[in-house]
Amino acid sequence: QVQLVESGGGLVQPGGSLRLSCAASGSIFSIYAMGWYRQAPGKQRELVAAITSGGSTNYADSVKGRFTISRDNAKNTVYLQMNSLKVEDTAVYYCNAELVTYDGPLRHYWGQGTQVTVSS
């Protein structure tokens, strides 16, 4: 069974930084891509950043230049470095992995979410 465990969320002041981590574990054959989504109350869940196993990245326009996604393939872990945080970044951040297991097809898996609050 696949499990995604997230960490690094918390309270930070505007202009500050946080780094989120997400480690995938279980019967994983190969991870093709991992990404971060976020959802604020009353808002739709949106893709923040994604990275493929080859290192290609994609970012939402709202975070370009401020957030950096990276990946450690050996550890099945993805990171999101968030700098110059704004109040508008406040949301629950969810890790997502596109992967295949030893006994199943390509699927998406979700972490439990971690709260990021940007406030003075």
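All of these numbers come straight from a predicted model, not from anything done at the bench.
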Applying side-chain contact (heavy atoms from CB on, under 4.5 Å), run through W110 and C95 and close with a yes or a no.
CA-CA 6 Å; W110 292 93; C95 179; over 6 Å; no

Check step by step if side-chain contact (heavy atoms from CB on, under 4.5 Å) holds for T68 and Y79.
CA-CA 8 Å; T68 302; Y79 306 93; over 6 Å; no

Nearest-0.5 Å distance, [atom1] of residue [X] to [atom2] of residue [Y]:
| X | Y | atom1 | atom2 | answer |
| --- | --- | --- | --- | --- |
| C22 | Q112 | SG | CD | 8.0 Å |
| Q3 | S27 | CD | OG | 13.5 Å |
| Q115 | L11 | CD | CG | 9.5 Å |
| F29 | T101 | CZ | OG1 | 10.0 Å |
| L99 | S30 | CG | OG | 8.0 Å |
| I31 | L4 | CD1 | CG | 8.0 Å |

Apply side-chain contact (heavy atoms from CB on, under 4.5 Å) to residues E98 and L106 and explain how you reach the verdict.
CA-CA 7 Å; E98 183 182 38; L106 181 69; 3.6 Å; yes

Check whether [X] and [Y] end up in the same hydrophobic cluster, where Ile, Leu, Val, Met, Phe, Trp and Tyr are linked by side-chain heavy atoms less than 4.5 Å apart.
| X | Y | answer |
| --- | --- | --- |
| Y94 | V2 | no |
| V92 | L80 | no |
| I28 | Y109 | yes |

Report the C-alpha distance between M82 and D89 in whole Å, list the side-chain angles of each, state the deciding distance to 0.1 Å, and finish with yes or no for side-chain contact (heavy atoms from CB on, under 4.5 Å).
CA-CA 9 Å; M82 304 184 293; D89 296 318; over 6 Å; no

For a quick test of reading the model, state the closest non-hydrogen atom pair linking [X] to [Y] and the distance between them.
| X | Y | result |
| --- | --- | --- |
| R38 | S62 | NH2-OG, 3.3 Å |
| A24 | M34 | CB-CE, 4.4 Å |
| S120 | P14 | N-CD, 3.7 Å |
| H108 | N96 | ND1-OD1, 2.9 Å |
| Y93 | V48 | CE2-CG2, 4.2 Å |
| Q81 | S17 | NE2-CB, 4.0 Å |

Ignoring hydrogens and angles, tell me if any N or O in the side chain of [X] forms a donor-acceptor pair with the backbone of [Y] under 3.5 Å.
| X | Y | result |
| --- | --- | --- |
| Y59 | I69 | yes |
| T57 | I51 | no |
| E6 | G113 | yes |

In terms of side-chain geometry, is the basic nitrogen of D61 or K64 positioned less than 4.0 Å from the acidic oxygen of its partner?
yes

For R45, is the CZ atom crowded, meaning more than 12 foreign heavy atoms sit under 6.0 Å from it?
yes

